[in-house]
Amino acid sequence: MNIEETKNHLQGLNPRQIQAVEHFDGPLLIIAGAGTGKTRVITHRIAYLIENLGVLPRNVLALTFTNKAAGEMRDRVIGLIGEHARGILMSTFHSFCNYILRREIGRLGDFTDGYTIYDESDCRSCMKDILKSSGLQASGPFAPARVLELISRAKNFESKPSESLRPSDPLVDYIDNLFDKYEERLKENNALDFDNLMIKTVHLFEHHREVIERYRRRFAFVLVDEFQDTNRVQYRLLTQLAPPDGNVTVVGDMDQSIYGWRGADVGNIVSFESDFKNVTVVPLEQNYRSKQRILDTANELILKNNNIHEKRLWSELGEGEPVNFFLAWDEHDEAQFVTRKTDALLSEGYLLNDVAVLFRTRAQSRVIEEHFMRAAVPYVFIGATEFYKRKEIKDIIAYLRVLHNPRDFVSFARIANEPRRGIGDKSVEKIEAEARRVGSLFDLPDREKELSKDFPKKAFPILKLLKSLASRAGGMSISAFVDAVVRETGYYDALAKEELQEGVSRTENVDEFISLAAEYERGTGKPELEGFLSHLALVSDADVTDTGEDRVRVMTLHSAKGLEFPVVFIMGFEEGLLPHASSQSESEIEEERRLCYVGITRAREHLYVSASRSRMMHGSVGRNDVSRFFFEAGQHHFKVLKQAYGEPAPGESFLDEDESGAAESAAWRGKRGNDVDEFEGCEPDYIEEGDIVLHKAFGRGTVLSMDGGEICVSFPGRGPVRLSAKFAPLRKV
DNA sequence: AAGACGCCGATTTTT
DNA sequence: TCGGCGTCTT
């Protein structure tokens, strides 16, 4: 703890960042705008606490949302203070809860350690089952996914699911009951879903003072990343871990809150300031990522949200060029624009890796992927979590789960007849009922005569085999065990037989899974099946953005959060897509606006925003207006490109880079109607679709279509207006 | 138990 | 329009 080290951990930080790093006692709220060096501040703060203030690594807990964020944080802290950073617990909320519950869940009475963690598809199977046995048709308003979403909402908002439904909804009379049944079923299966991992931990802490006291002492320093994404339950967990005057640091940016629909509650930022005592607030506004004009655009857009704290990002990276805007004829034209522009950038010296293509919905990826493929532009879609969703992988995991938790009937149903052994749905039901009666699958008698006569006899071999495998689990390595499972159950053979018709990849996947197990063993101190299963459920490979290869990244705006690229394309900048048509309320629109903000602030140097006049949606051609966000962000921030590639021809751009200021004030004059004369020489013949025009009363707008004598212009905040081309007081800008 | 057919639905998805 | 899923058929 000498001066040199002090210097190290504060070096290269701006005054605000230093304030955040040096803060010692009491709650700290860091409001970290996009690209303001948030991770840097957190990691330096952790390093500073440990090396300069003498805090013990084991007393520090850092919570994140993604494994990727946790991993990055760990790597960077290790880079700062070396290996003793390993003593710090840096994990996701869910992994942290799993860490606690594996030790303490027995105290709750309802579950035993060895519980299974259900992912979304497990929960869906479970709910489908419940719906079926309740005599409800599992589709339409009763779609398992819908029911589960409502249940999840209720759990995260600590309310009843029926409360978020309209009284006329067909589900309303059933949902609360389905909720109870679902929870009951999870309990019977000794399984927890992701929500319950959090909720049970909070319950545990609430009802067992001695436990929470222990962990409070242990984790005297708590840090939370992406605080704007926490839900109510996670917030409660935080208040349990840290007393009101505790050493708790939260870092967040409400402008980047894009998971409200999943229960994230920005209100937690407000609550934090009131629930904790003497909160120090440190805002970070200096951006180290983007050129100023990109930030100006983002700043102006987010101003339209009704925020308590106004924030203005600024950078010293230079002005840069305006945001480019391209209005395409249709989605193919738009994709071609992106493809050609990408090509042009490559010949300018950019790498494929420098480029990201973002859009609102996954469905939009298809067109751009087609065009990239045709043009031989190497790309990768980020967000497809292929491997773990493969049938054969899920099957093997189901085997492992049953072997570890013989009450996991969701997994048992999956593998009972996989490979085929003549055990149909009816048989599975009977086995399950009987197993529930006696306790678990392993408590079923081995001998036929001890069971009722209609118990499916075909089940004996597999039940016996499962019991035998389970008894041997502890005696060998995980990878050897997985190998034994796929061989002895006949799974591997069945796949091998299939190979001839199906192709080669499925056994390869199984082999890869086995080496994955081996890799887990190598990387873990005391490898056990339980830990491996937790790892599979919580640390799956969802967030691989680094493919190691040079490729354009194609992804949704949501997946882009936390990333940055020298060149960013945002496609489908249209009403109905961004904001999405299903976002109606003001708060939903605000979230869409934040999503747009997140997209814009991903760009370091160049940002290309595009919209299309027409696009195929749900099987028919639709026309969308240019997004309101285009107008809200300030049209003067954009340079409108008229061609799919290259720069606009002289005079074609409605705004020359150098004249933006002048053009802006002209626009404002026009809007206020002071400059009447400017409209005198309206020559509709010169106006074409896509032009930016100035209207005497409405101000600037974009020409959407020209139809005979009628011209349709989209004005900011007003939407499309039909005007007479002849008489409308319009002037091309 | 696998293939054909018809129907429904269609935002985003850290764990 | 398209694809995933459930049901019906063989």
Side-chain angles (χ1 to χ4, degrees), chain A residues 63-71 91-98 117-124 128 132 137-141 143-146 148-149 152 156 192-199 225-226 228-231 233-234 256-264 331 358-367 382-385 388-389 417-425 498 501-502 534-543 545 555-563 572 576-584 588 591-592 594-596 598-599 615-622:
Chain A
L63 295 171
T64 64
F65 279 87
T66 66
N67 297 298
K68 190 180 160 218
S91 82
T92 63
F93 271 98
H94 290 86
S95 292
F96 172 72
C97 290
N98 188 48
I117 300 166
Y118 278 176
D119 69 17
E120 243 146 295
S121 93
D122 301 316
C123 296
R124 267 204 306 274
K128 207 186 280 179
K132 215 173 114 193
Q137 203 194 0
S139 63
R146 179 168 189 257
L148 286 167
E149 203 187 308
S152 178
N156 288 322
L192 299 179
D193 62 16
F194 289 134
D195 292 328
N196 283 354
L197 225 36
M198 301 288 321
I199 289 168
D225 190 20
E226 305 281 16
Q228 77 282 351
D229 289 339
T230 51
N231 61 33
V233 180
Q234 286 156 338
Q256 293 186 74
S257 164
I258 56 174
Y259 286 104
W261 54 277
R262 286 203 99 204
E331 68 270 32
L358 316 181
F359 35 75
R360 177 65 231 274
T361 69
R362 290 175 89 94
Q364 287 171 259
S365 75
R366 234 174 78 179
V367 181
I382 304 289
T385 69
Y388 291 91
K389 292 232 163 87
N417 201 30
E418 197 67 57
R420 304 267 111 83
R421 36 177 90 92
I423 302 175
D425 291 349
E498 227 177 70
Q501 305 108 10
E502 278 282 311
S534 291
H535 177 87
L536 291 171
L538 298 173
V539 199
S540 76
D541 69 340
D543 23 51
T545 46
M555 69 191 100
T556 64
L557 286 160
H558 282 89
S559 314
K561 200 180 79 159
L563 307 176
L577 281 175
L578 185 67
H580 194 272
S582 42
S583 299
Q584 293 293 329
E588 285 171 324
E591 183 150 312
E592 298 287 306
R594 292 192 291 268
L595 190 54
C596 183
V598 165
R615 82 170 56 237
M616 191 72 110
M617 290 171 84
H618 309 315
S620 56
V621 177

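Per chain, numbering begins at 1; letters A, B, ... match sequence-line order.
Going from atom NZ of A:Lys68 over to atom P of B:dT14 covers 11 Å, rounded to whole Å. As rounded to whole Å, 12 Å separates atom P of B:dT14 from atom CD1 of A:Ile382. For the pair A:Asp195 CG and B:dT14 P, the computed distance is 14 Å after rounding to whole Å. A:Leu577 places its CG atom 10 Å from the P atom of B:dT11, with the value rounded to the nearest Å. Following rounding to the nearest Å, A:Gln256 (CD) and B:dT12 (C1') show an atom-to-atom distance of 16 Å. Atom P of nucleotide B:dT13 and atom CD of A:Glu592 are separated by 12 Å, given to the nearest angstrom. Across the protein-nucleic acid pair, A:Glu418 atom CD and B:dA1 atom P stand 11 Å apart, rounded to whole Å. A straight line from CD of A:Glu149 to P of B:dT11 spans 12 Å, rounded to a whole angstrom.
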Should A:Val367 and A:Arg615 be marked as a side chain to side chain contact (heavy atoms under 4.5 Å, CB included) after you check the CA-CA gap, both sets of side-chain angles, and the distance that decides it? CA-CA 11 Å; A:Val367 181; A:Arg615 82 170 56 237; over 6 Å; no
Report the C-alpha distance between A:Thr230 and A:Leu63 in whole Å, list the side-chain angles of each, state the deciding distance to 0.1 Å, and finish with yes or no for side chain to side chain contact (heavy atoms under 4.5 Å, CB included). CA-CA 10 Å; A:Thr230 51; A:Leu63 295 171; over 6 Å; no
Starting at the 5' end of nucleotides 1-10 of chain C, put B wherever the base has a protein heavy atom under 4.0 Å, S where only the sugar-phosphate does, and a dash everywhere else. BSS--S----
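For A:Glu418, the side-chain hydrogen bond (donor to acceptor under 3.5 Å, both in side chains) partners at least two apart in sequence or on another chain are A:Lys391. Annotation: side-chain hydrogen bond (donor to acceptor under 3.5 Å, both in side chains) contacts of A:Arg366 (sequence neighbours excluded): none. Partners of A:Thr556 by side-chain contact (heavy atoms from CB on, under 4.5 Å), not counting sequence neighbours, listed by chain and number: A:Phe359, A:Arg362, A:His558, A:Ser559. By the salt bridge (Lys or Arg N to Asp or Glu O under 4.0 Å) test, A:Glu592 pairs with A:Arg360, sequence neighbours left out.
Within 4.0 Å (heavy atoms only), A:Ser582 reaches at least one base atom of the nucleic acid. The residue A:Tyr259 sits close to a base: some heavy atom pair falls under 4.0 Å. Across all strands, A:Gly140 comes closer than 4.0 Å only to sugar-phosphate atoms, never to a base (heavy-atom distances). Within 4.0 Å (heavy atoms only), A:Glu120 reaches at least one base atom of the nucleic acid.
As rounded to the nearest Å, C:dG3 and B:dT14 have P atoms that lie 23 Å from one another. Comparing B:dT13 with C:dC2, their P atoms sit 22 Å apart, to the nearest whole Å.
Residue A:His580 has its side chain nearest to B:dT11 when only B:dT15, B:dT11, B:dT14 are considered. For A:Trp261, counting side-chain heavy atoms from C-beta on, the closest listed nucleotide (B:dT11, B:dT12, B:dT15) is B:dT12. Comparing B:dT11, B:dT13, B:dT15 against the side chain of A:Arg360 picks out B:dT11 as the nearest.
The side chain of A:Ser559 places an N or O atom within less than 4.0 Å of a non-bridging phosphate oxygen (OP1 or OP2) of B:dT13. For the OP1/OP2 pair of B:dT15 and a distance below 4.0 Å, the side-chain nitrogens and oxygens of A:Asn67 include at least one atom meeting the criterion. A close approach under 4.0 Å does occur between a side-chain nitrogen or oxygen of A:Arg362 and OP1 or OP2 of B:dT13. An OP1 or OP2 oxygen of B:dA10 is reached within less than 4.0 angstrom by no side-chain nitrogen or oxygen of A:Thr361.
Taking the six-membered ring where the residue is Trp, A:Phe65 and A:Phe93 present tilted rings, their angle falling between 30° and 60°.
Not one N or O on the side chain of A:Asp119 forms a donor-acceptor pair closer than 3.5 Å with the backbone of A:Ala537. Distance alone, capped at 3.5 Å, is enough to place a donor-acceptor pair between the A:Glu591 side chain and the A:Gly260 backbone.
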Between protein and nucleotides 2-7 of chain B, what N or O pairs are separated by less than 3.5 Å?
unit_1: B:dA2; atom_1: OP1; unit_2: A:Arg420; atom_2: NH1; d: 3.2
unit_1: B:dA2; atom_1: OP2; unit_2: A:Arg420; atom_2: NH1; d: 2.7

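Across the interface with DNA chain B, nearest-nucleotide mapping of A:Ala363 and A:His94 shows A:Ala363 to be the residue nearer the 5′ end.
Note that CG of A:Leu538 and CG of A:Asn98 are 5.0 Å apart. Values are rounded to the nearest 0.5 Å.
Taking a cutoff of 4.0 Å between a charged side-chain nitrogen and a carboxylate oxygen, A:Asp425 and A:Lys132 do not qualify as a salt bridge.
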